[in-house]
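Following: one structure in structure tokens, then a few remarks.
A, B, ... follow the sequence lines: proteins, then strands. Residue 1 opens every chain.
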Amino acid sequence: MGNMNLSEQEQIRRESLDELRKLGINPYPAAEYKTNVFAQDILDNYSAEKNNYPEVCLAGRIMSRRIMGNASFAELMDSSGRIQIYVRRDDLCPGEDKTMYNIVFKRLLDIGDIIGVKGHIFVTQMGEITVHVDEFTVLCKSIRPLPVVKEKDGVLFDAVTDPEMRYRQRYVDLIVNPHVRDVFRKRSQIIQSMRELFNSRGYLEVETPILQPIPGGAAARPFITHHNSLDMSLYLRVANELYLKRLIVGGFEGVYEFAKDFRNEGMDRTHNPEFTVMEIYIAYKDYNWMMTFTEEIVKKASLDLHGKTEVIFGENIINLNPPFKRISMTDAIKENTGIDISGMDEAGLRFVCDKLGVPNTPSMGKGKLIDELFGAKCEHNYIQPTFIIDYPTETSPLTKMHRSKPGVTERFELMINGKEIANAYSELNDPIDQMERFQDQLRLSEKGDDEAMFIDMDFIRALEYGMPPTSGMGIGIDRLTMMLTNQPSIQDVLLFPQMKPESQKSKVESQKEEYLVLGIPEEWIDPLKKLGFTTITKLKEIEKTGKLANDLNGYNKKNKLGISGLSPEAVEKWLK
RNA sequence: CGGUUCGUAGCUCAGCUGGUAGAGCACGUGACUCUUAAUCAUGGGGUCGAGGGUUCGAUCCCCUCCGAGCCGACCA
């Protein structure tokens, strides 16, 4: 008896699994399978004259099959790519016993199965480099049918594009959409490129706490968790900034961390609750130096990835060749709105916001209003890389005051494609100023700003011992990857983007006897279950017996079951 | 959180004014020793996202819920 919950194809594959075992073939062998080549190597380097691949051994997943009488073709996909294989019955089975071809290869293997093959290379009449298989080994039987994607002349047929399937079952996405694997290889290359640069400068890669007693370093709603033995709340970090600066206090010249941060905010095309940021802090530097360094980081990443500094993003071509434009926030607002806000007080700024239709609330102070203005009217216009510099003091509580301009701080954000990619400061190292800024944040919080920062007294204590002048920078790895791989959604650069859980269907079913007891004829039990009445409880809930009789008769007719018809009265008796 | 579109076979999708669903691929069986979106013949496969309402009858109309996408709000 097959399992009711399995599809026909799944049942057939499980039967194949059993048959393999009966033939003495372990469908999930334990032993190492030694390969000596990847598919792409062969395709790139094979030469018929040199016969440079006399004996190959490779392993991969069967992606397509073209079965003929006594010889077949299939495609094998390994981590490098796909290669065609050719299996001929009399080569595979030189003796009398043709089981391995006739039964195992033709009948028991399926698309999705993983096998290893040994053989030699030849070129078909159609000119395709192909592995002529002398021997194959079953390495893993797949019992769930894989979506079949076909391709001709570069055009895909039946490609899996449903985002829900792609993100929930990323493993399937990675199997059937090779370009997806490529995006994640590039993501890794970007991180590698940055790490190489930092290490070559002698900066130290470190790890700092993810579970923090105070969620400092950024203004964002945190996730809260609980530590049982300490019996205290802990927060998942929203940033690692304050810990990295403690390490600069401790005497390291430069420290960096590729960090997962967590923010309990909304999700959209550029936001995921957990995301990756690279933060770096370097002693004796300022934000001007850091701008140049940031240019170098971005340029190198692009060169390492593409060999050039121009990248295509959507409809735009972005030029990542330094120097990038630098413009102060005030000038940016002037450039985009024609309004010069320099020297304006809170009331003046609020008037400007209202005039331009920028939403604002009474709890917003000067800095916040400027920020809103920039976010609503300017940010999206900076497609080419642009450093926006000199942010208002109020919204930059960890940043040093500007050396000459009053009311602003030495801070920059790098905008590319209208989105923030990086954020950096000349770090505030005056402990008394820092304490006052924290207290300002506390006052904002009391005024109703739920994004204001917490006060971290231990961080103040560290600054009191003295932190050298330092510049720090954080760069959003997800967004940088999006930009460099031309992906419009953050979900496309995260292997496992956050999703709501799938609802689990209950699989409880009533037994046959329970139906019989009610006087339901045996032949009607299956139709009842098929119509959704998998439990007696569900059946008892029905009120219109006429409809049920109608449904059952309809099912009988449709499926040509040949059961004699039911009257509504008979059905009514079951449910009395 | 609001607006909007969507959810049908393993996959990609049709489905008319409401009458219990079709195709291609995939799968089963048979044929075929260079195929490649293999081909030819033939067959099976569906609680039409879940629940409720209207109706003699709902994949279709109405309501609620679940999940997804897009747009907006929020997220400096």
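- A 3.5 Å limit on both hydrogen-bonding distances identifies no Watson-Crick or G-U partner for rG57(B).
- Between the CE atom of M126(A) and the C1' atom of rU33(B) there is a distance of 16 Å, rounded to whole Å.
- Using N1 to N3 plus N6-O4 or O6-N4 for Watson-Crick, or N1-O2 and O6-N3 for G-U wobble, each under 3.5 Å, rC16(B) pairs with nothing.
- Listed for the E346(A) side chain is no donor-acceptor partner under 3.5 Å among the backbone atoms of G367(A).
- To the nearest angstrom, C1' of rU35(B) lies 16 Å from CZ of R82(A).
- F387(A) pairs in a ring pair (Phe, Tyr, Trp, His ring centres under 6.0 Å) with only one of the listed residues (Y287(A), Y382(A), F412(A)), which is F412(A).
- Separating the P atom of rU55(B) from that of rG18(B) is a span of 16 Å, rounded to the nearest Å.
- Between the CZ atom of R13(A) and the P atom of rG28(B) there is a distance of 8 Å, given to the nearest Å.
- Figure legend: cation-pi geometry between R89(A) and Y101(A) absent, as NZ or CZ is not positioned both under 6.0 Å from the six-membered ring centre and within 45° of its axis.
- Distances shown here put a side-chain N or O of K500(A) below 4.0 Å from the OP1 or OP2 atom of rG67(B).
- Remark on RNA chain B: of its neighbouring residues P147(A) and Q125(A), the 5'-side contact belongs to P147(A), judged by nearest-heavy-atom nucleotide.
- Across the strands present, rG45(B) finds no partner; the criterion is a Watson-Crick or G-U wobble pair with both atom distances under 3.5 angstrom.
- Between rU54(B) and rC60(B), the distance separating the two C1' atoms is 13 Å to the nearest Å.
- For the P atom pair drawn from rU29(B) and rA14(B), the interatomic distance equals 32 Å after rounding to whole Å.
- Base-pair partner of rU4(B): rG69(B) (Watson-Crick or G-U wobble, both distances under 3.5 Å).
- Within the shown strands, nothing qualifies as a pairing partner of rU33(B) under the Watson-Crick or G-U definition with both distances less than 3.5 Å.
- Judged by distance alone, with hydrogens and angles left aside, Q84(A) brings a side-chain donor or acceptor within reach of the base of rU35(B), the pair sitting under 3.5 Å.
- A close approach under 4.0 Å does occur between a side-chain nitrogen or oxygen of R107(A) and OP1 or OP2 of rU29(B).
- Panel note: side chain R170(A), backbone L495(A); a donor-acceptor pair is recorded below 3.5 Å.
- A donor N or O paired with an acceptor N or O is found under 3.5 Å between the base of rG24(B) and the side-chain atoms of D158(A).
- In the set rC70(B), rG69(B), rC34(B), rC34(B) carries the atom at the smallest distance from any side-chain atom of F73(A).
- Taking atom P in both rG53(B) and rG72(B), the straight-line distance is 39 Å, to the nearest Å.
- Contact annotation for Q9(A): base contact, defined as any heavy-atom pair under 4.0 Å involving a base atom.
- Within the 4.0 angstrom heavy-atom criterion, no nucleotide atom of any strand lies near F374(A).
- At rG69(B), one or more side-chain N or O atoms of Q491(A) fall inside 4.0 Å of OP1 or OP2 (strictly under the cut-off).
- Although no hydrogens or angles enter the test, the distance criterion places a donor-acceptor pair under 3.5 Å between the side chain of S471(A) and the main chain of Y425(A).
- A heavy-atom distance below 4.0 Å to RNA chain B is reached by these residues of residues 85-93 of chain A, ordered by number: Y86(A), R88(A), D90(A).
- Residue N177(A) contributes atom CG, which lies 14 Å from atom P of rC11(B) at whole-angstrom precision.
- Using a 4.0 Å heavy-atom distance criterion, I67(A) is classed as a base contact.
- Computed from coordinates, the D162(A) CG to rG10(B) C1' distance equals 14 Å when rounded to whole Å.
- Between Y167(A) and F496(A), the distance from one ring center to the other does not fall under 6.0 angstrom.
- Comparing the P positions of rG69(B) and rG57(B) gives a spacing of 38 Å, expressed to the nearest Å.
- We find that K405(A) and D390(A) are joined by a salt bridge, their nearest charged nitrogen and carboxylate oxygen being less than 4.0 Å apart.
- Listed candidates were rC27(B), rU33(B), rC75(B). Nearest to the side chain of I12(A) is rC27(B).
- Here rU39(B) presents its C1' atom at 13 Å from NZ of K152(A), a figure rounded to the nearest Å.
- Within 4.0 Å (heavy atoms only), D268(A) reaches at least one base atom of the nucleic acid.
- The local environment of CZ in R181(A) is crowded, with over 12 non-hydrogen atoms from other residues, nucleotides or ligands closer than 6.0 Å.
- For the P atoms, the distance from rU8(B) to rA50(B) is 10 Å, rounded to whole Å.
- Straight-line distance from the CG atom of L146(A) to the P atom of rC25(B): 18 Å, rounded to whole Å.
- For T124(A), taking side-chain heavy atoms from C-beta onward, the closest of the listed nucleotides rG44(B), rC70(B), rU35(B) is rU35(B).
- For K368(A), counting side-chain heavy atoms from C-beta on, the closest listed nucleotide (rC75(B), rC27(B), rU33(B)) is rC75(B).
- Taking the centre of each ring, F105(A) and F136(A) come in below the 6.0 Å mark.
- Under the Watson-Crick or G-U wobble criterion, with both distances below 3.5 Å, rG51(B) is paired with rC63(B).
- Note on K150(A): a side-chain N or O is less than 4.0 Å away from OP1 or OP2 of rA38(B).
- The side chain of V160(A) lies closest to rC11(B), out of rU35(B), rC11(B), rG10(B).
- The partner of rC25(B) is rG10(B), by the rule that a Watson-Crick or G-U pair needs both atom distances under 3.5 Å.
- Comparing R411(A) and M267(A) by the nucleotide of RNA chain B that holds the closest heavy atom to each, the one mapping nearer the 5' end is M267(A).
- Counted by atom type alone, D261(A) and N240(A) present zero donor-acceptor pairs between their side chains at under 3.5 Å.
- Within the 3.5 Å criterion, the main-chain N or O of T361(A) finds no donor-acceptor partner in the side chain of K368(A).
- R144(A) comes within 4.0 angstrom of nothing in the nucleic acid, heavy atoms only.
- Whole-Å rounding puts the R65(A) CZ to rC32(B) C1' distance at 15 Å.
- With both ends at atom C1', the span from rG46(B) to rG30(B) equals 27 Å, rounded to whole Å.
- Taking atom C1' on both rC16(B) and rA21(B), the two are 13 Å apart, rounded to the nearest angstrom.
- When heavy atoms are screened at a 4.0 angstrom cut-off, E420(A) is found touching no nucleic acid atom at all.
- Residue R66(A) places no side-chain N or O under 4.0 Å from the OP1 or OP2 atom of rU35(B).
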